[in-house]
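Have a look at the structure below before the remarks.
A, B, ... follow the sequence lines: proteins, then strands. Residue 1 opens every chain.
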Amino acid sequence: MSELYIRVAEDENEEPMEIPSEDDGTVLLSSVAAQFPGACGLRYRNPESQCMRGVRLVEGVLHAPESDWGNLVYVVNYPKDNKRKMEEIDAASAVKVKRGYQKTSDLIVLGLPWKTTEQDLKEYFTTFGEVIMVQIKRDANTGNSKGFGFVRFTEYETQVKVISQRHMIDGRWCDCKLPNSKAFPDEPMRSRKIFVGRCTEDMTPDELRQYFMQYGEVTDVFIPKPFRAFAFVTFADDQVAQALCGEDLIIKGVSVHISNAEPKHNNINQLFRTLPGGSASLAAMFYRSQYHV
DNA sequence: GTTGAGCGTT
């Protein structure tokens with residue numbers, strides 16, 4: 001048997017990947033699944049009939065249609081394909097529904113005494129309702145408080161109440177507001193990739209994958225090295241990715257912010273951001289001006 | 001070791 005690899009793709013139009021065959025010319029389903037997680041078989045287009053044909057599968061072993069696999073590109077089968085898609089749509093709409101009715105978001109707490117700790121904050125705000133995250137911003141070197149922090153409640157009603165009044169915390173009046181820096185609003189493209197901001201250094205790719213799996217199939221996790229406090233997560237389904245954009249999610253007790261991943265080649269974004277007063281929206285305006293003149 | 005309007009190490 002001369003064929004050492006067969007060509008397999010997710011879709012007829014996708015770029016195929018070479019999958020190793022066994023000595024006897026068969027291909028193990030596990031070899032396919034190693035590259036295409038969840039795969040349960042293969043099919044191919046019969047050159048004569050132009051119809052799709054299934055590849056024979058016996059006890060986890062895929063058998064060549066003829067004496068060998070030929071030069072065809074094989075396409076991966078997934079179990080209950082429709083069901084899987086439905087689940088992802090459900091996950092996406094569940095997130096959307098959550099947004100539709102009063103989604104909570106992090107609140108910035110301004111004016112905190114230098115001495116106030118996260119525990120103090122939690123104790124204080126718990127008198128209003130269940131708290132799911134508190135954070136005090138500190139100097140990276142000294143560990144001193146910067147005098148502000150963030151809090152997140154379970155219930156939207158609690159959030160409304162907390163915003164509506166001033167707070168006496170450890171002897172100082174403090175204000176709670178919706179933060180400005182949700183600053184990545186405009187991003188028209190529908191990507192399967194999300195930007196995960198405010199990651200902490202202890203978050204591993206595996207943990208991120210485990211976490212985001214609840215929303216849909218994760219196809220990639222990328223964490224830049226050295227540590228840059230953000231990550232990219234790619235889903236199989238763009239609907240899942242899009243539904244998450246704008247969310248504040250809590251991973252390992254840390255509030256991360258989800259936004260659209262901007263295309264890699266857009267260094268203009270970087271440029272605009274490093275400019276005084278620069279922002280993503282400035283960059284977006286620049287794009288539009290390019291397209292519309 | 002100090003301080004008191006702000007915006008979370010994209």
Side-chain angles (χ1 to χ4, degrees), chain A residues 104-118 120-122 125 131-153 159 162-163 166-187 189 191 193-203 205 208 221-234 241 244-284 286-287:
Chain A
T104 66
S105 49
D106 298 354
L107 303 179
I108 187 163
V109 188
L110 270 356
L112 290 170
W114 312 118
K115 51 173 264 214
T116 298
T117 66
E118 278 158 12
D120 296 334
L121 260 198
K122 178 147 190 183
F125 282 116
V131 172
I132 47 181
M133 190 267 333
V134 288
Q135 192 177 24
I136 286 181
K137 287 299 162 190
R138 297 172 185 284
D139 183 281
N141 300 317
T142 66
N144 291 338
S145 167
K146 290 182 175 171
F148 72 98
F150 293 87
V151 62
R152 175 88 168 269
F153 296 96
Q159 165 169 331
V162 165
I163 293 175
R166 300 248 281 160
H167 300 272
M168 177 59 73
I169 302 176
D170 292 338
R172 273 183 62 94
W173 285 110
C174 303
D175 287 305
C176 294
K177 300 177 182 172
L178 290 167
N180 324 152
S181 53
K182 301 254 149 172
F184 292 85
D186 31 42
E187 182 57 72
M189 62 161 294
S191 172
K193 191 192 287 186
I194 57 173
F195 179 93
V196 185
R198 305 200 300 261
C199 288
T200 49
E201 200 159 9
D202 63 319
M203 292 178 186
L208 291 185
V221 174
F222 179 78
I223 300 182
K225 283 190 275 286
F227 176 64
R228 296 226 276 151
F230 63 89
F232 293 102
V233 174
T234 309
L244 289 172
C245 286
E247 298 283 330
D248 286 320
L249 304 174
I250 293 176
I251 305 178
K252 300 176 80 176
V254 174
S255 170
V256 299
H257 184 70
I258 309 302
S259 57
N260 277 294
E262 296 173 14
K264 212 186 285 182
H265 61 271
N266 281 349
N267 292 329
I268 299 169
N269 278 300
Q270 301 290 335
L271 172 70
F272 271 93
R273 264 184 219 141
T274 54
L275 250 39
S279 69
S281 39
L282 263 182
F286 179 71
Y287 286 127

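Rounded to whole angstrom, the span from the CG atom of A:L121 across to the P atom of B:dG8 amounts to 17 Å. Rounding to whole angstrom units, CD1 of residue A:I258 and C1' of B:dG8 are separated by 14 Å. As a whole-Å value, the separation of A:R198 CZ from B:dC7 P is 15 Å.
In terms of heavy atoms, A:P224 sits closest to A:F230 at CD-O, 3.1 Å.
Note on A:P226: nothing from the nucleic acid sits closer than 4.0 angstrom, heavy atoms only. Within the 4.0 angstrom heavy-atom criterion, no nucleotide atom of any strand lies near A:G197. Nucleic acid contact for A:I136: none, since no nucleic acid atom lies under 4.0 Å from a heavy atom of the residue.
Ring orientation note: the planes of A:F153 and A:F125 are nearly perpendicular, at an angle over 60° on the 30°/60° scale.
Map A:N144 and A:M133 each onto its nearest nucleotide of DNA chain B; the residue landing nearer the 5' end is A:N144. Map A:Q135 and A:S145 each onto its nearest nucleotide of DNA chain B; the residue landing nearer the 5' end is A:S145.
Stacking annotation: A:F148 is not stacked on the base of B:dG6 (requires ring centroids less than 5.5 angstrom apart and an interplanar angle below 30 degrees).
For A:N180 and B:dG6, a side-chain-to-base donor-acceptor distance below 3.5 Å is absent, hydrogens and geometry of angles not being considered.
Ranking B:dA5, B:dG6, B:dG8 by closeness to the A:L110 side chain, first place goes to B:dG6.
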(message) Evaluate A:R198 against A:D248 for side-chain contact (heavy atoms from CB on, under 4.5 Å), listing each step before the verdict.
(response) CA-CA 10 Å; A:R198 305 200 300 261; A:D248 286 320; 3.2 Å; yes

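Using a 4.0 Å cut-off between charged side-chain N and carboxylate O, A:K115 and A:D120 make no salt bridge.
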